[in-house]
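First the structure, in the form of structure tokens, and then the observations on it.
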Amino acid sequence: MGLDVGVGGQVLDLETAVKDGILGGGGGIGVGGGSAEKLDLKKMIEELEAVEVPSVFICPISLDPMRDPVTLCTGQTYERSNILKWFSMGHYTCPTTMQELWDDSVTPNATLQQLIHTWFATKYSAMKKRSQDVQGRAIEVLEILKKAKGQSRIEALKELRQLAAAHSTARKSLVDNGGVGSLSSLLGPFTTHAVGSEVIAILVSLDLDYSGKTNLTQPAKISLMVDMLNEGSIETRINCTRLIEMLMEGKDFVSENVSSLSLLVGLLKLVKNERHPNGVIAGLRLLKAICSHESLRASIVSIGAVSQLVELLPGFKADCIELALHILEVLSTVPEGRLALKECAKTIPNMVKLLMKVSESCTQLALAILWAVCKLAPEECGALAVEAGLAAKLLLVIQSCYNPVLKQRSAELLKLCSSNYTATNFISKCKLTTTIQ
């Protein structure tokens, strides 16, 4: 049996590959110098999922690495369980060549199995060694950081950031060795943005526990994040936004920590920056989290968030539309929010356009917003809604939607909008004759 393993374009036979160590070498040295046979092949395959595996090790049926390869009379090799399943389905052909089998017995391919095991053991050993090296370096840089000043501190932070971004083991080492506390201690009223941006980029990649989150919600640290959200690079602004959202997930989070108008203005700037979709969604997510605190809703309305979000809706992608609608629906529960929605000329036409367009959830949110606005000024807003084609959309919801709540709300809104018309005038005004017929 020959195989191409990409070594100078050679096609090698398995025995030569095993003897010369082309695909694993060293007689199958495992982690810590032990024998490869001591390592579980299934576990190695699972942990090395992202590694590109030589095609000769792949079962043609499942396209997964083989653990128990067997060979048919045609010379083709498969994973035992896969080929037996093929036979059990009544197939007596070779899946690869579709030749009829003159012998349905399978022969264990011990040489290939040994080669597979050796190759994975070598890769697994190298991966574990790299992991240990990364963990050690992360701890080492963390210690350097405790004493470093000026540019040396920034360089250490940059290296730590790269390690944390590339390796989950480095992130775990930082958390396990007090890295969150050490990094948090670098944030304060006199922290430069050069240091702060690196620290926040690392912290946002870590799993923060209750203590870590509590430490970071100190007013001076939040104030620094808000400053960088307004003045930093786009990457720093996004990282600050994500970190504040992470801090808000704590059960004891105090809403006053995010009551700053400067924070809200910075978030709106981020949401309006269409060149950076990641920033748009990060900003909307944090605004949604802030809206969950009723005491902060009037502040969000006061900076003009309602009209700006309404006007941005047509240019958003589906996930951003749903976030924006959720924010607007929550703001419609306070008097200031309802009034702002009513006074925005694009509220009604934009909401009508979104009915039955993006998702059922978006339809439900848009209906709730339309109900709040029309209920506030039935005669004025009802007429505008009718002009915008609301009636036809509501009839479509009633006819085709399976959600009874949406059907009921649509019927109520249709009744509200038609209350100032006679039946004949309403049908004519809405151009509904064809729809009703």
**Message:** Between R80 and V106, is there a side-chain heavy-atom distance shorter than 4.5 Å?
**Reply:** yes

**Complete:** Heavy-atom closest pair (Q76 atom, C94 atom, distance to 0.1 Å) is CG-SG, 3.5 Å

**Prompt:** Once you round to the nearest 0.5 Å, how far does CD1 of I234 lie from NE2 of H276?
**Reply:** 4.5 Å

**Asked** Counting N and O atoms only, with roles assigned by atom type, does the side chain of T93 sit under 3.5 Å from a partner on the main chain of P95, one being a donor and the other an acceptor?
**Response** no

**Item:** Side-chain touch S302/E336, heavy atoms, less than 4.5 angstrom
**Value:** no

**Request:** Decide yes or no for L296 and C291: does some side-chain heavy atom of the first lie under 4.5 Å from some side-chain heavy atom of the second?
**Result:** no

**Request:** Search all heavy atoms of R409 against all heavy atoms of A368 and return the closest pair with its distance.
**Result:** NH1-CA, 3.9 Å

**Message:** Checking S233 against T236 for the side-chain hydrogen bond (donor to acceptor under 3.5 Å, both in side chains) test, could you report, in this order, the C-alpha distance in whole Å, the side-chain angles of both residues, the deciding distance, and whether it holds?
**Reply:** CA-CA 5 Å; S233 67; T236 297; 3.1 Å; yes

**Request:** List the steps and the verdict of side-chain contact (heavy atoms from CB on, under 4.5 Å) for L216 and I222.
**Result:** CA-CA 7 Å; L216 286 166; I222 293 288; over 6 Å; no

**Asked** Roughly how far, to the nearest 0.5 Å, is the OG1 atom of T192 from the CD1 atom of I154?
**Response** 5.5 Å

**Item:** Sole candidate of V271, I321, L284 that passes side chain to side chain contact (heavy atoms under 4.5 Å, CB included) when paired with L312
**Value:** V271

**Asked** If only atom types and distance count, is the side chain of K346 paired as donor or acceptor with the main-chain N or O of E311 below 3.5 Å?
**Response** no

**Item:** Minimum-distance pair of heavy atoms, taken over all atoms of V180 and G212
**Value:** CG1-CA, 4.0 Å

**Message:** Go through it in stages, so that I can follow the logic: the residues are M228 and L224, the test is side-chain contact (heavy atoms from CB on, under 4.5 Å), and I'd like the CA-CA distance, side-chain angles, deciding distance and then a yes or no.
**Reply:** CA-CA 6 Å; M228 290 194 293; L224 175 66; 4.0 Å; yes

**Prompt:** For V226, which of L263, V258, N257 qualifies under side chain to side chain contact (heavy atoms under 4.5 Å, CB included)?
**Reply:** L263

**Prompt:** Looking only at heavy atoms, which two atoms of R67 and E79 are closest? And how far apart?
**Reply:** N-OE1, 2.7 Å

**Message:** I'd like to know if E159 pairs up with R137 as an ion pair, taking the criterion as any Lys NZ or Arg NE/NH1/NH2 lying under 4.0 Å from an Asp or Glu carboxylate oxygen.
**Reply:** yes

**Message:** Any side-chain to backbone donor/acceptor pair from S223 onto P219? Under 3.5 Å, distance only.
**Reply:** no

**Prompt:** Should I116 and P65 count as side-chain neighbours, where that means a heavy-atom distance under 4.5 Å?
**Reply:** no

**Request:** Check whether the side chains of E155 and Q151 place a donor and an acceptor atom closer than 3.5 Å, and report yes or no.
**Result:** yes

**Asked** Which class fits the ring pair W119 and F57: parallel under 30°, tilted 30 to 60°, perpendicular over 60°?
**Response** perpendicular

**Item:** Pair R161 + E235, salt bridge at N-O below 4.0 Å
**Value:** yes

**Item:** Within 6.0 angstrom of D207 CG, more than 12 heavy atoms from elsewhere
**Value:** no

**Asked** Roughly how far, to the nearest 0.5 Å, is the OG1 atom of T347 from the CG atom of L313?
**Response** 9.0 Å

**Asked** Does S182 reach the main-chain N or O of G179 with its side chain, forming a donor-acceptor pair under 3.5 Å?
**Response** no

**Message:** Pairing donors with acceptors under 3.5 angstrom, does anything connect the side chains of D103 and S105?
**Reply:** yes

**Asked** How long is the gap from CG on L203 to CG on L243, to the nearest 0.5 Å?
**Response** 6.0 Å

**Asked** Less than 4.5 Å apart, any side-chain heavy atom of S81 and any of D68?
**Response** no

**Message:** Would the distance check show the side chain of Q308 and the main-chain N or O of G304 forming a donor-acceptor pair, the cut-off being under 3.5 Å?
**Reply:** yes

**Complete:** Here the pair of heavy atoms bringing K353 nearest to K393 is O-NZ, 3.3 Å

**Check: T333 main-chain N/O paired with R338 side-chain donor or acceptor under 3.5 Å** = yes

**Pair T71, T107: side-chain N/O donor-acceptor within cut-off below 3.5 Å** = no

**Request:** Answer whether the closest heavy-atom distance between the side chains of L208 and V175 falls below 4.5 Å.
**Result:** no

**Message:** Using side-chain heavy atoms (C-beta onward) and a distance below 4.5 Å, is M225 in contact with L247?
**Reply:** yes

**Message:** Test your reading of the model: is there a side-chain donor-acceptor pair from K288 to the backbone of L323, 3.5 Å cut-off?
**Reply:** no

**Side chain to side chain, L186 and L145, heavy atoms closer than 4.5 Å** = yes

**Atom pair CG (L268) and CD1 (I300), whose distance is rounded to the nearest 0.5 Å** = 9.0 Å

**Message:** Between K158 and E198 (salt bridge meaning N to carboxylate O under 4.0 Å), is one present in this structure?
**Reply:** yes

**Asked** Q408 and E412: side-chain hydrogen bond (donor to acceptor under 3.5 Å, both in side chains), yes or no, with the steps?
**Response** CA-CA 6 Å; Q408 180 65 28; E412 291 170 353; 3.1 Å; yes

**Asked** Is S152 reaching over with its side chain to a backbone N or O of A148, donor-acceptor style, under 3.5 angstrom?
**Response** no

**Request:** Verify, without hydrogens or angle tests, whether N273 (side chain) and V280 (backbone) share a donor-acceptor contact under 3.5 angstrom.
**Result:** no

**Asked** Does one side chain, of Y78 or T96, offer a donor that lies under 3.5 Å from an acceptor on the other?
**Response** yes

**Message:** Can a side-chain donor-acceptor contact be found between N230 and S262 if the only test is distance below 3.5 angstrom?
**Reply:** yes

**Single hit among T363, L365, I369 for side chain to side chain contact (heavy atoms under 4.5 Å, CB included) with L367** = T363

**H193 and D227: CA distance, side-chain angles, deciding distance, side-chain contact (heavy atoms from CB on, under 4.5 Å) verdict** = CA-CA 9 Å; H193 284 196; D227 286 344; 4.1 Å; yes

**Asked** S255 and H293: which non-hydrogen atoms are nearest, and at how many Å?
**Response** CB-ND1, 3.4 Å

**Message:** Regarding S361 and E322, do their side chains bring together a donor and an acceptor under 3.5 Å, going by distance alone?
**Reply:** yes

**Fill in**
Separation between CD (E140) and CG (N177), nearest 0.5 Å, reads 12.5 Å

**Message:** Donor-acceptor pair, distance only, cut-off 3.5 Å: does the side chain of K221 make one with the backbone of N215?
**Reply:** no

**Asked** Should Q135 and L174 be marked as a side-chain contact (heavy atoms from CB on, under 4.5 Å) after you check the CA-CA gap, both sets of side-chain angles, and the distance that decides it?
**Response** CA-CA 8 Å; Q135 287 177 307; L174 287 177; over 6 Å; no

